[in-house]
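Just below is one structure, and these are the notes that go with it.
Note: hydrogens, waters and symmetry copies are ignored here, and every other heavy atom, side chains too, is used. Counting starts at 1 for both ligands and their atoms, in listed order.
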Amino acid sequence: MTVSTTLTAHLDTFARDRLPPAELQPEFIFELPQLRYPERINCASELLDRAVLAHGWGERTAIHGAAGDLTYAELLATANRIARVLTEDMGLVPGNRVLLRAPNNAMLAACWFAVIKAGGIVVTTMPLLRAKELTDVIVKAQISHALCDARLAEELEIARGACPTLMRLSYFNGDAATQELDSLEQRMAAKSASFADIDTARDDICLIAFTSGTTGKPKGTMHFHRDVMAICDCFPQSTLKLEAGDIVCGTPPLAFTFGLGGMLLFPLRVGAATVLVEKLTPDLLLQTVQDRKVTVLFTAPTFYRMMAGQAGQFDTASLRKCVSAGEALPVATRQLWQEATGIRIIDGIGATELLHIFISHTEDEVRPGATGKPIPGYRACILDADGKPLPAGSVGRLAVKGPTGCRYLDDSRQAAYVSDGWNITGDAYLMDADGYFFYQARTDDMIVSAGYNIGGPEVEDCLLAHPAVAECGVVGVPDAERGQVVKAFVALKAGYNPDAAMARALQDHVKNILAPYKYPRLIEFRSAMPRTETGKLQRFRLRA
Ligand code: 3UK
């Protein structure tokens with residue numbers, strides 16, 4: 001497929017002008033016939049207008065929200081009204097960047113479609129970001145407009161002072177009952193429910209997702225309309241097998257592309273419904289599964305682990321499929337969830353740079369400890385430090401290519417992520433003789449102790465299988481004699497004592513299961529592990 005680069009609909013070419021140079025772009029593969037999209041496509045028209053006008057799904061429920069349910073037709077009308085506010089009142093021009101800020105709710109979903117209908121570029125931000133972090137994002141992407149949940153106004157108002165490009169701002173009230181004067185809702189009420197979507201090119205940028213990086217300035221990953229369509233037409237079709245009757249729910253924010261795909265785009269692509277809940281705890285998610293008869297769950301491994309203990313108190317019979325991503329799924333967690341619900345979790349590795357999941361497996365192909373195989377449409381291999389492919393059984397750098405890939409916004413770190421057309425995710429992996437991919441650690445997190453390479457997650461898996469352990473994190477700490485030694489941070493379940501005898505018991509437990517050189521020489525008890533908003537263990541904070 002030749003990808004046109006001339007017919008852009010963007011009048012503001014800021015983002016387009018800052019795409020990585022051709023030699024630093026990943027190679028894209030469009031082997032699957034469903035990924036050969038027409039030259040002009042607007043992913044919002046495709047997912048929303050076509051759902052109502054072509055498929056006739058207007059009366060179906062698209063979103064179950066706290067303030068009530070929205071049908072596909074209602075979601076379309078709401079998005080159209082917001083698109084009119086953006087273009088008629090707020091001066092949005094195709095190619096402008098628009099910041100969205102809200103917990104997972106129906107207004108956030110409608111705003112997402114509205115921006116893309118109007119030819120804008122969506123930058124959804126995590127609800128917990130503070131003014132400093134918002135400023136970094138706004139300045140980096142030269143954001144001109146913002147649509148923000150009124151309850152999250154404070155930090156954005158502080159950021160605004162340092163952000164001269166951010167000229168037009170409108171607040172909405174989300175699922176809250178109160179309606180402010182001159183809110184986005186008020187402005188929308190005056191608008192017609194129809195809107196002519198901008199006729200964008202398939203390779204026009206429609207979203208910039210910032211990575212939840214642990215160090216350095218956040219990186220903006222840029223994605224095209226065709227990339228959004230591609231993630232809808234890969235994992236959910238070949239692996240998850242999402243269906244029109246499904247009701248999905250889960251924890252990842254829509255600002256995290258795991259959540260954007262799973263909790264919004266994938267269900268809309270097939271005529272299914274999503275349950276958007278603003279704040280979820282393990283028992284609230286279980287309660288929601290019971291109340292809403294949820295069939296498909298998306299969340300991170302720690303959430304499955306926490307829910308497993310309580311699942312018996314709820315009716316989870318409606319559940320059909322459970323997807324885990326964000327970090328490695330421990331074998332012990334997979335087992336606990338299967339014992340509690342009878343469901344085999346579908347593990348999948350995705351990345352913001354690749355937009356969504358690229359290695360995964362169906363429930364019938366579970367291989368404990370493995371993430372799976374490249375999903376149809378993607379290829380993966382293991383490379384050595386020089387970029388040469390390694391044979392099966394060797395640990396090396398995971399390299400991936402497919403219909404999506406890394407395009408950082410004006411960032412010298414592009415050269416570290418893309419090499420020779422491959423996306424290098426920063427993960428150490430091993431492929432076995434059958435082609436299954438086994439996660440070892442983040443490349444930077446591999447522990448090297450007395451010449452042995454040790455992946456922290458393997459030791460964590462082992463500790464999690466001990467009945468006293470609630471949560472844990474394993475890192476390497478400097479050691480004069482061995483270079484590094486393995487150190488485990490452990491949070492115990494209620495009723496267990498964090499004492500020397502417990503530490504010894506845990507060490508013996510690991511020595512009984514793994515090669516003895518992997519056992520944690522140091523153990524420190526903590527009440528909980530430091531985690532990101534997306535559920536990832538922050539190993540750098542444990543090392544500090
Ligand atoms: C790690 C995993 C082992 C891995 C994401 C699904 O996590 C997502 O994106 P991020 O940019 O992080 C990417 C990195 O996270 N990781 C993710 N999933 C797994 N490690 N097993 C897994 N199943 O280090 C990867 O490089 O935050 C996940 C969909 C969309 C996403 N953006």
(request) Select the closest option to atom 29 (C) of ligand 1 among Y429, F258, F358, judged by heavy-atom distance. (result) F258
(request) For the residue pair C206 and T200, establish whether any side-chain heavy-atom pair is separated by less than 4.5 Å. (result) no
(request) Go through the structure and list residues passing side chain to side chain donor-acceptor pair (under 3.5 Å) with R101, not counting sequence neighbours. (result) none
(request) Using a 4.0 Å heavy-atom cut-off, say whether D347 meets ligand 1 through its side chain, its backbone, both or neither. (result) side chain
(message) Between ligand 1 and T371, is the shortest N or O to N or O distance under 3.5 Å?
(response) no
Residues 483-490, side-chain donor-acceptor partners within the protein, below 3.5 Å, at least two apart:
residue	atom	partner	partner atom	Å
Q484	OE1	V448	N	2.8
K487	NZ	E524	OE1	2.8

(request) Give yes if a backbone or side-chain nitrogen or oxygen of F256 is under 3.5 Å from a nitrogen or oxygen of ligand 1, and no if not. (result) no
(request) Find out whether H356 and T404 are in side-chain contact, i.e. whether some heavy atom of one side chain is under 4.5 Å from a heavy atom of the other. (result) no
(request) Give the numbers and elements of all ligand 1 atoms closer than 4.0 Å to a heavy atom of Y439. (result) 3 (C), 20 (N)
(request) Between T257, V400, T425, flag the one that comes closest to atom 32 (N) of ligand 1 by a heavy atom. (result) T257
(request) Give yes or no for whether the N/O distance cutoff of 3.5 Å, strictly under, is met between D427 and ligand 1. (result) yes
(request) Could you check whether the rings of F266 and F235 sit parallel, tilted or perpendicular, using 30° and 60° as the cut-offs? (result) tilted
(request) May I ask you to decide whether E327 forms a salt bridge with R539, counting only side-chain N to carboxylate O separations under 4.0 Å? (result) no
(request) Check each atom of ligand 1 against the heavy atoms of L355 and keep those under 4.0 Å away; list them by number with element. (result) 30 (C)
(request) Using distance alone, determine whether G348 and ligand 1 share an N or O pair under 3.5 Å. (result) yes
(message) Measuring only between side-chain heavy atoms, which start at C-beta, is Q237 closer than 4.5 Å to P376?
(response) no
(request) May I ask you to check if ligand 1 and T352 share an N or O to N or O distance below 3.5 Å? (result) yes
